[in-house]
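Presented below is the structure to which this report refers.
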Amino acid sequence: MKRRTKILLSLILIIAIYVFVYFSELYMDPFIKRILNTGLIYAILGVSLNLINGFTGQFSLGHAGFMAIGAYASALLYMSPETKMSNFFMVPLISPLDRIQIPFFWAIIVGGLMAAVAGFIVGAPCLRVRGDYLAIVTYGFSEIIRSLFNNLQNITNGPLGLKGLPTYTNLWWTVSWTIITVIVIKRIVDSSYGRALKAIRDDEIAAENLGINLFKHKVLAFVVGSFFAGIAGGLLGSLLMTIDPNSFSILFTYQIIMIILLGGLGNITGSVVVGIGFAFLMEWLRFVEMPMNIFGIEFPGILGMRMLIFSILLMVTILFFRQGIFGKVEFSWEGVARLFQKKKVKE
Amino acid sequence: MQHLVNAISLGFVFGLVAVGYALVYGVVKLVNFAHGDVFMMGAYMMFYASVLFGFPWLAAVIFGIALTALLGVGIEKVAYRPLRKYPRINSLVSSIGMSFLLQNFAVVVFGGIQRSFPVPEMMKKTIILGEVRIQSVSIYTIIFSILVVLLLTFILQKTRIGLAMRILSTDFETARLMGINVDRTISFTFALGSALAAVSAVFYALRYPQIFPFMGQYPGSRAFIAAVVGGIGSIKGALVGGFLLGMLTVLLPAAFPEYSGYREALIFALLVIVLVFKPNGLFGQEVGEKA
């Protein structure tokens, strides 16, 4: 298939998605819309973590920390001074932040950039530690962030968190950012950088011997990955309308890891589909916590059952579907074309 | 002085959990994220044994330790053994999943509310030495921890299975060629590690007699840091790391109360700094990267 046709088809798909967004913003049930928004944020997180974990093979547990940075940095910028006043009743906010307010888009970008800076700081020591140790260092990093945010009351309002964030996040924002994330990361993965990243994943020493600059490429993966994590954090903050440091705990990172594992490490399509599906699944699973009536017997709803099922699912995936549900199957226009051709042959 | 005794006994508790980490890591090279939750399960089993079945306290503790050891073996069989031939990162993820599973299992089965751990009269006393008031728990913790560590050293150095464990920690393949039953040795390691977690759960629960499904997280992460700082895989290192953390946890807020909120950040910063500048920890052996 020609490159031009492919770009054309992608453009058509994007336009179709936006048409869908336009109508769903108008007519869709707000509850479903909210789940879809969450799902798209999960998709952004999944794809960005996949760049670090799946393509570069650097097992990072710090994604929640990057998100927290993005969420706080952007929230402090787009909140109106009055809301800030009412939030910071214990300790006042430090001087320049309490008066400024900038548009949502720029606030999100700044949040992403702050997270990217943090990504650079975390990515830099990657050259020295690898494997399990890297996982530990990144885990430590996200705990440091959480602890700092709990204590820096004059910036983050401590454990009280920020409340009453204005809701800017809607499907336009989340869909656009998901598309941007997918395109950017897809482009990186397909470029020479991406091949270098995969080489590092497959054999670090061999890659280094081939003249690949390990430091540059690992840091690149971390910076890009954490930038999008920051963006997703900003979007999530505005969607949930409240953020506090303890919601960005290691559990959140586990959920994202679960998403990329289910979707397949190094599989962008998988991350997006599973990310959206995951949000719906978690809502749908709420029914197990409700009181049920099966064959005339009353079952009381058991709290926490949802998470138990979720963790059993995670274990099953790890043990039996190590390649994820999608394995190595990526979405591509050639694949779609092949699907149609096969059908024709059968007819 | 009072703080010092507190710090030492807390250090021993962390140290014991950390030794469990170190033991498992030393033999199978797996960072067992579920260790803290095995610890929690141990506390619950003792709780149920003594409250529900009415076992006497000591019997309940021994029963709990035995069951926890069995649980450890079971976890290894289900979650880690099938993944042994795949890259290590798979087992790491599996242990994260297992930790998740145990916590949620506890929420569903045991309930999310806090329960109070039974504390025998003997442990409730407070010994007063001049100016210092020492809880008798602290003394018992120190004495029993030393005994447990001595016993562990004996098992590792003098018994056949200890010898097998030490061989496994250096080379898997060679050990198999030498006719060592790898599976059984690893099972034994997990049993030992989990039993250690249960023992430390006793002392921890005696200090803070509240048990709940997420109780394993705090000591788990603490002990984990202790094990890493001390050089993961080294038992001496784990003990020293536990000590260090116990000191930090107790003495830092005592000395600088206004900074006590930053304790967590500081402890994790210590972890990161040690890993970046001395990746093998304070007492770790130098291991070449992928020969």
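For the numbers below, each heavy atom of this structure counts, side chains included, while hydrogens, waters and symmetry mates do not. Numbers restart at 1 for each chain; the letters A, B, ... are given by sequence-line order, proteins then strands. This structure is a prediction, so every number in the text was calculated from the model and none was measured.
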Side chain from CB out, backbone as N, CA, C, O: work out which of these in A:Ile145 comes under 4.5 Å of a heavy atom of chain B, or both, or neither.
-> neither
Do B:Ile96 and A:Tyr139 have side-chain heavy atoms sitting under 4.5 Å apart?
-> no
Atom CG of A:Leu61 and atom CZ of B:Phe33: how far apart are they, to the nearest 0.5 Å?
-> 5.5 Å
Should the heavy atoms of other residues, nucleotides or ligands under 6.0 Å from CE of A:Met114 be counted, would the total exceed 12?
-> no
Should we say atom CZ of A:Phe120 is surrounded by more than 12 heavy atoms from elsewhere, each under 6.0 Å from it?
-> no
